[in-house]
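Lettering of chains follows the sequences in order, A, B, ..., and the numbering in each one begins at 1.
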There are 2 protein chains.
Amino acid sequence: MGRPRTFDIDTAVERAMELFWRQGFEATSTEDLVESLGIARGSLYKAFGSKEQLYALALRRYCERHAVGLVEVLDQAEQVRPAIRAVLLELVEADLADPERGCLLVNAATERSAHPNTVQQVSRTMGQVESALAGALERARVRGEIAADKEARELAQFLTTFLQGLRVMGKARADRAFLDNAVEVAMGVLD
Amino acid sequence: MGRPRTFDIDTAVERAMELFWRQGFEATSTEDLVESLGIARGSLYKAFGSKEQLYALALRRYCERHAVGLVEVLDQAEQVRPAIRAVLLELVEADLADPERGCLLVNAATERSAHPNTVQQVSRTMGQVESALAGALERARVRGEIAADKEARELAQFLTTFLQGLRVMGKARADRAFLDNAVEVAMGVLD
DNA sequence: CGAATTAGGAACCGATCAGTCAACAATCTG
DNA sequence: CAGATTGTTGACTGATCGGTTCCTAATTCG
């Protein structure tokens, strides 16, 4: 009961995610949020409690969306090697299209490494990425798509690490030739 | 002529670097700087102009120190492969010892991707890292230490990218087993 | 010495920060 | 309808932001 909310929570979190993604936590003011979300200050605080909590929701949404996306692509892949290459090249495209934005997960890891809740969320998501890759690689190994003596988990940890490096180099304005080449060399570990 | 400065500029930049490294640009206030540098506000502004300019000096110092360090290690190496492994494992140690600090270069790339001066400094330093690696790898190739059909530049771009990923995973609190393993798999591209 | 020059320092500046509050509006239950 | 409950709003809060100003202190040069 009580007066019904006049704005959509999901849409608001989506817009907050966009702002934090582009500007970071510290550089995004509550005034920025009020403007972009199109609601009054008081409503924002009643609905979300604090800037910190809204950030946590935005980050969680980003993590869920991207972890799920990765799992889906890898699970549905006929062949694992081209699927992984496609995933990496898609990240390259994203970085080239919008280098200032980069990856919210990487931004969170670097800007907010002193905040346990953020670090935990980041760490958990990295684990999901690793597991998705490890699952796909293990399938590939059993199928004979990659050499039987390769450890799926080890390859997955390497790829997870390399993937974060790609996002950083994208922000550092590396060009397509650089990033594409890095991906090709990285794919070589599967041979 | 005029009154001589009572503090050491180099020491001040060093302390500023430490603060920005640990906290980032936005989260470091001028008050933090005044306290840590042990000089008055007015003196800080007279000596450095603005928070931005002091940050630029701190970042430049970090870049020079680390790029030079990398070049020296690689140039003096008897064998390139163990030297590169040592460089990567040293970064792993640094991340494990102080995960909140991470790498100022990566922090700068992610937090300040909207600031051209910072991006340019970051990009230039990444280029130096790539060149140092490429030089060492080319020597190794000529000497027969790595296969003759490997392109030094391509391997160097891959390693530069992977290296940034290591720093991110360190901030995301990956453990030694994870990071060491990632390094070992990455080293495999030289085989 | 005295003029010129530069550094040091504290008070001060308007702007902006994250967050609160009280009055009002809209809904549900009875 | 009345009362309870919850959402909306914008003015307001004290704190802090990055930066400036102005006066004093220390030095060099003539």
Quiz item: Applying the side-chain hydrogen bond (donor to acceptor under 3.5 Å, both in side chains) test to A:Arg22, which of A:Asp98, A:Asn107, A:Thr28 qualifies?
Solution: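 With A:Arg22 as partner, A:Asp98, A:Asn107, A:Thr28 yield a single side-chain hydrogen bond (donor to acceptor under 3.5 Å, both in side chains), made by A:Asp98.
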Exercise. State which residue, out of B:Arg101, B:Arg176, B:Arg167, fulfils the salt bridge (charged side-chain N to carboxylate O under 4.0 Å, His left out) condition with B:Asp95.
Key: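 That would be B:Arg167; it is the only one of B:Arg101, B:Arg176, B:Arg167 passing the salt bridge (charged side-chain N to carboxylate O under 4.0 Å, His left out) with B:Asp95.
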Tell me whether [X] contacts the main-chain N or O of [Y] through its side chain, where contact means a donor paired with an acceptor under 3.5 Å.
X: B:Glu111; Y: B:Gly24; value: no
X: B:Arg61; Y: B:Val13; value: no
X: A:Arg112; Y: A:Phe25; value: no
X: A:Lys171; Y: A:Pro99; value: no

Let me confirm one number: the [atom1]-[atom2] distance from [X] to [Y], rounded to the nearest 0.5 Å.
X: B:Glu31; Y: B:Leu44; atom1: CD; atom2: CG; answer: 10.5 Å
X: B:Leu96; Y: B:Glu93; atom1: CG; atom2: CD; answer: 6.0 Å
X: A:Phe158; Y: A:Leu137; atom1: CZ; atom2: CG; answer: 11.0 Å

Quiz prompt | Base C:dA10 paired with B:Arg41 side chain (donor-acceptor, <3.5 Å) | solution =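 Per atom types, no contact qualifies.
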Quiz item: So does A:Ser29 get a side-chain nitrogen or oxygen closer than 4.0 Å to the phosphate oxygens (OP1/OP2) of C:dT16?
Solution: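 Answer is no, no contact under 4.0 Å.
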Practice problem: Starting from the C-alpha separation in whole Å, work towards a yes-or-no answer on salt bridge (Lys or Arg N to Asp or Glu O under 4.0 Å) for B:Glu145 and B:Arg143. | Solution: CA-CA 5 Å; B:Glu145 218 186 301; B:Arg143 281 199 228 140; 2.9 Å; yes
Tabulate protein N/O versus nucleotide N/O from nucleotides 22-25 of chain C, keeping only pairs under 3.5 Å, one per line.
unit_1	atom_1	unit_2	atom_2	d
C:dA25	O4'	A:Arg3	NH1	3.3
C:dA25	N3	A:Arg3	NH1	3.4

Separation of [X] atom [atom1] from [N] atom [atom2], in whole Å?
X: A:Leu33; N: C:dA18; atom1: CG; atom2: P; answer: 8 Å
X: B:Glu35; N: C:dA10; atom1: CD; atom2: P; answer: 13 Å
X: A:Leu44; N: C:dT20; atom1: CG; atom2: P; answer: 12 Å
X: B:Glu31; N: C:dA10; atom1: CD; atom2: C1'; answer: 12 Å

Quiz item: If you pin B:Ala47 and A:Asp32 to their nearest nucleotides in DNA chain C, which one's is more 5'?
Solution: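 Its nucleotide being nearer the 5' end, the pick is B:Ala47.
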Exercise. Please figure out whether A:Ser50 or B:Gly38 has its closest DNA chain C nucleotide nearer the 5' end.
Key: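 Of the two residues, B:Gly38 wins.
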Practice problem: Using chain B heavy atoms and a threshold of under 4.0 Å, write down where along DNA chain D the contacts begin and end, 5' to 3'. | Solution: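 Span of nucleotides near chain B: D:dC17 to D:dC29.
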Quiz item: Looking for any heavy atom pair under 4.0 Å, which part of the strands does B:Thr30 touch: base, sugar-phosphate only, or nothing?
Solution: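 Here B:Thr30 touches the bases of the nucleic acid.
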Practice problem: Identify, residue by residue, the members of residues 5-26 of chain A with a heavy atom below 4.0 Å from DNA chain D, and return them in order of residue number, or none. | Solution: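 Only A:Arg5, A:Thr6, A:Phe7 qualify.
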Exercise. Please say whether more than 12 non-hydrogen atoms of neighbouring residues, nucleotides or ligands are located less than 6.0 Å from CZ in A:Arg15.
Key: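 12 or below, so no.
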